[in-house]
Amino acid sequence: MLTLTVIRENRDEVIRRLAKKKFTNTALIDQIIALDDQRRSLQVQSDQLQAESNRLSKEIGILIKNGNPDGAQQAKERTARIKEEVKNLLDQMDEVTARLQELLVQIPNLPHDSVPEGAGAESNVKVKEGGLMPVLPENAWPHWDLGKKYNIIDFETGTKLTGAGFPLFRAKGAKLERALINFFLDEAIKAGYQEVLPPLMVNEDSAFATGQLPDKEGQMYQVPVDNLYLIPTAEVPVTNIFRDVILEADELPVKTVAYSPCFRREAGSYGKDVRGLNRVHQFDKVEIVQIAHPEKSYQALDEMVAHVEMLVKKLQLPYRIMKLCGGDMSFTSALTYDFEVYAAAQKKWLEVSSVSNFESFQANRLKLRFRENGSKKTQLAHTLNGSALALPRIVAAILENNQTDRGIAVPAVLIPYTDFEWID
RNA sequence: GGAGAGAUGGCCGAGUGGUCUAAGGCGCACGCCUGGAGAGCGUGUAAUCGCCAAAAGCGGUUCGAGGGUUCGAAUCCCUCUCUCUCCGCCA
């Protein structure tokens, strides 16, 4: 969520920049400013009355001690009246504050000035392309058929156990998952990230702080008896580690990596592009998160993009890096790069990573602050995250691109992790 | 699941209705002292909202969370959350 200060002090600029994200509700901005004015004026009134009441209460204590019950009684009557007024003002203030919060969370993050104009995916800008396109015979198999042929991905049994979109990995398929997870984790650790293994369920506070609540609860699996949510990404628990935290500037950047399964209901996304591993309800992902100094967050973003690029290069997958346009970016992001790899049998680009700088948008909701060394003032930190990487589509691309008459060739970099060179 | 104890500042810890403006200690920062360090001495040491152009200053709120009693609550009452101890169950 944006800070009130930013909205108040840069109203016109905020409106201009939000237009790129196709947000045009100017009235909402003005309503927020008006509500904030109202809140401030209510606070001035209630502060004054409370100060008066505090002063009187002290006097009453002294009057009683000095044996002046009449004077004390008089003062009591005055405070009783003040109390009524204060309660009334505070009730109003609670209402205004709640309304303000409700509106504030509807304003998306400001896109970075470099974000391209555009309404949808077709306006995303390709910033880089790399890797070699595999040459496959015309009758190459898509990964869902390969999974069955080599008995490594069993979609039918997964459906029997849970439902569609919950694949069961078997034998070398299961080992390949583990190999990728360990490879991704090891590479992140080498790059200076500290590994955490987070809980897979979070409470309401956490879900709110990273923006899943209040209105994306339909995307999460819920455990209503205990009021918990299955995480849609490790970003949720990892980012929440820093909820209500104040760091010292010299601790920045804080680099964290986590592996976790991710659970997504994907409500309403049936039909297109959901075959096989292209879209599933449970999948494995390694996520990198950075807490950065505001002046260095774009440097951190570049570093994260380079890290992800290194991963797909080492896996020898054809890839491209897209800079998302305003209309295709997420609500919370200021700048996002998507990574896509080419799955040669499907002849499709599959999104495998999304690397974003949220600037202070997430930190504001999280109350994640830092202090310049020696300074008393706290300020919001910048947060960034990226998949490094999400497994299913990587597996899909590896299976499809590396298929041969002999079997599927395991990328060289994974062999130390799999202990086999061929899936056959 | 049963029984009991507890939650106070960065940390430890005192505080059972009225200068709590939260004692004291540790830690940390700065200064004095020292050739330097340590010890010692002194000073300072939370977050957040608001008033003010800003700084300074002033005011409000916060003692696990929320509600209540009272002129006044860290302190009394209610609800909830969490932690610890013992018993039970258990990978």
Side-chain angles (χ1 to χ4, degrees), chain A residues 1-11 32-105 197 199-209 213 223-229 237 240-252 254 360 363-381:
Chain A
M1 122 186 129
L2 292 178
T3 62
L4 278 167
T5 320
V6 163
I7 295 175
R8 290 185 72 97
E9 290 176 6
N10 314 283
R11 176 188 173 274
I32 284 169
I33 293 172
L35 278 170
D36 191 46
D37 286 340
Q38 207 181 332
R39 193 198 96 240
R40 284 169 192 235
S41 116
L42 286 167
Q43 185 175 345
V44 169
Q45 295 173 58
S46 82
D47 279 3
Q48 281 170 357
L49 286 173
Q50 284 183 90
E52 173 74 359
S53 160
N54 288 343
R55 200 180 55 72
L56 282 170
S57 285
K58 258 173 213 166
E59 263 180 37
I60 291 169
I62 293 163
L63 287 170
I64 290 173
K65 224 173 246 173
N66 295 347
N68 183 351
D70 290 348
Q73 190 54 40
Q74 239 173 359
K76 276 189 195 182
E77 279 159 24
R78 279 173 67 198
T79 41
R81 277 201 307 276
I82 291 173
K83 206 185 154 186
E84 289 272 304
E85 280 179 72
V86 168
K87 187 170 161 22
N88 181 20
L89 287 168
L90 289 180
D91 285 350
Q92 283 183 58
M93 200 152 78
D94 283 350
E95 223 169 276
V96 169
T97 306
R99 181 79 187 126
L100 189 56
Q101 180 75 5
E102 208 176 284
L103 298 187
L104 208 46
V105 299
L197 187 64
L200 306 183
M201 291 191 247
V202 294
N203 58 29
E204 260 186 336
D205 285 349
S206 296
F208 179 82
L213 296 180
V223 186
V225 267
D226 293 302
N227 214 7
L228 298 173
Y229 300 85
N240 270 283
I241 294 171
F242 302 96
R243 170 152 49 92
D244 292 319
V245 165
I246 300 174
L247 297 161
E248 295 298 327
D250 60 13
E251 296 176 81
L252 300 175
V254 181
S360 62
N364 188 34
R365 234 203 238 208
L366 286 168
K367 297 192 175 55
L368 164 55
R369 292 146 293 169
F370 76 99
R371 221 189 312 258
E372 293 289 1
N373 292 64
S375 164
K376 280 190 68 141
K377 275 244 161 76
T378 62
Q379 53 179 310
L380 295 171

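Within every chain, numbering begins at 1; the chains are lettered A, B, ... in the order of the sequence lines, protein sequences first and strands thereafter. Predicted model, so just to flag it, every value in this text is computed and none were measured.
- The CD atom of A:Glu372 sits 8.5 Å away from the CG atom of A:Leu252 when rounded to the nearest 0.5 Å.
- With a cut-off of 3.5 Å on both pairing distances, the Watson-Crick or G-U wobble partner of B:G50 is B:C58.
- Comparing the same atom, P, in B:C30 and in B:G72 gives a spacing of 45 Å after rounding to whole Å.
- Residue contacts shown for A:Thr378 are limited to sugar-phosphate atoms, with no base heavy atom under 4.0 Å away.
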side-chain contact (heavy atoms from CB on, under 4.5 Å) between A:Leu42 and A:Arg39, intermediate numbers included: CA-CA 5 Å; A:Leu42 286 167; A:Arg39 193 198 96 240; 5.7 Å; no
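- Under 4.0 angstrom from either OP1 or OP2 of B:A47 there lies at least one side-chain N or O belonging to A:Arg371.
- One P atom belongs to B:G44, the other to B:C58, and the distance between them is 15 Å to the nearest Å.
- Taking atom C1' on both nucleotides, B:U83 is separated from B:U19 by 35 Å, rounded to a whole Å.
- Taking 4.5 Å as the limit, some side-chain heavy atom of A:Ile7 sits within range of a side-chain heavy atom of A:Ile33.
- To the nearest 0.5 angstrom, A:Asp244 atom CG is 8.5 Å from A:Leu366 atom CG.
- The separation between A:Leu4 atom CG and B:U48 atom C1' is 14 Å, rounded to whole Å.
- Proximity note for A:Ser57 (side chain, C-beta onward) versus B:G50, B:G18, B:A47: the nearest is B:G18.
- Remark: B:U75 base-pairs with no nucleotide in the shown strands. Criterion, Watson-Crick or G-U wobble with two distances under 3.5 Å.
- In this structure, B:U69 forms no base pair with any nucleotide, since neither Watson-Crick nor G-U wobble geometry is met with both distances under 3.5 Å.
- Of all nucleotides present, none satisfies the Watson-Crick or G-U wobble test against B:A23 with each distance under 3.5 Å.
- Pairing partner, B:C82: B:G6, with both Watson-Crick or wobble hydrogen-bond distances short of 3.5 Å.
- Annotation for A:Arg365 and A:Phe208: closest pair NH1-O, 2.6 Å, computed over non-hydrogen atoms.
- Look at B:G1: its Watson-Crick or wobble partner, with both distances under 3.5 angstrom, is B:C87.
- Under the 3.5 Å distance criterion, the side-chain polar atoms of A:Asn10 are matched with a main-chain donor or acceptor of A:Val6.
- Remark: the separation of the C1' atoms in B:C77 and B:U61 is 23 Å, to the nearest Å.
- Remark: side-chain polar atoms of A:Ser57 are paired, donor with acceptor, to backbone N or O of A:Ser53 under 3.5 angstrom.
- Atoms CG and CG, from A:Leu4 and A:Asp36 in turn, are 4.5 Å apart once rounded to the nearest 0.5 Å.
- Look at the P atom in both B:C11 and B:C63: the space between them is 15 Å, to the nearest Å.
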Footprint string (nucleotides 54-67 of chain B, 5' to 3'): B base within contact, S backbone only, - free, heavy atoms under 4.0 Å: -S---BSS------
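- Residue contacts shown for A:Thr79 are limited to sugar-phosphate atoms, with no base heavy atom under 4.0 Å away.
- Nucleic acid contact class of A:Arg39 (heavy atoms, under 4.0 Å, all strands): sugar-phosphate only.
- Taking the nucleotide of RNA chain B with the nearest heavy atom to each of A:Val44 and A:Lys58, the more 5' of the two is matched to A:Lys58.
- When heavy atoms are screened at a 4.0 angstrom cut-off, A:Leu56 is found touching no nucleic acid atom at all.
- Rounded to whole Å, the separation between the C1' atoms of B:G18 and B:G25 comes to 27 Å.
- Nucleotides B:A14 and B:A23 are separated by 6 Å at their C1' atoms, to the nearest Å.
- Across the strands present, B:U43 finds its partner in B:A29; the criterion is a Watson-Crick or G-U wobble pair with both atom distances under 3.5 angstrom.
- In a base pair of the Watson-Crick type (N1 to N3 plus N6-O4 or O6-N4) or a G-U wobble (N1-O2 and O6-N3), with each distance short of 3.5 Å, B:U34 is matched with no nucleotide.
- With C1' as the reference atom, B:U69 and B:G59 are 27 Å apart, rounded to whole Å.
- Salt bridge status for A:Asp37 with A:Arg8: present, with a side-chain N to carboxylate O gap under 4.0 Å.
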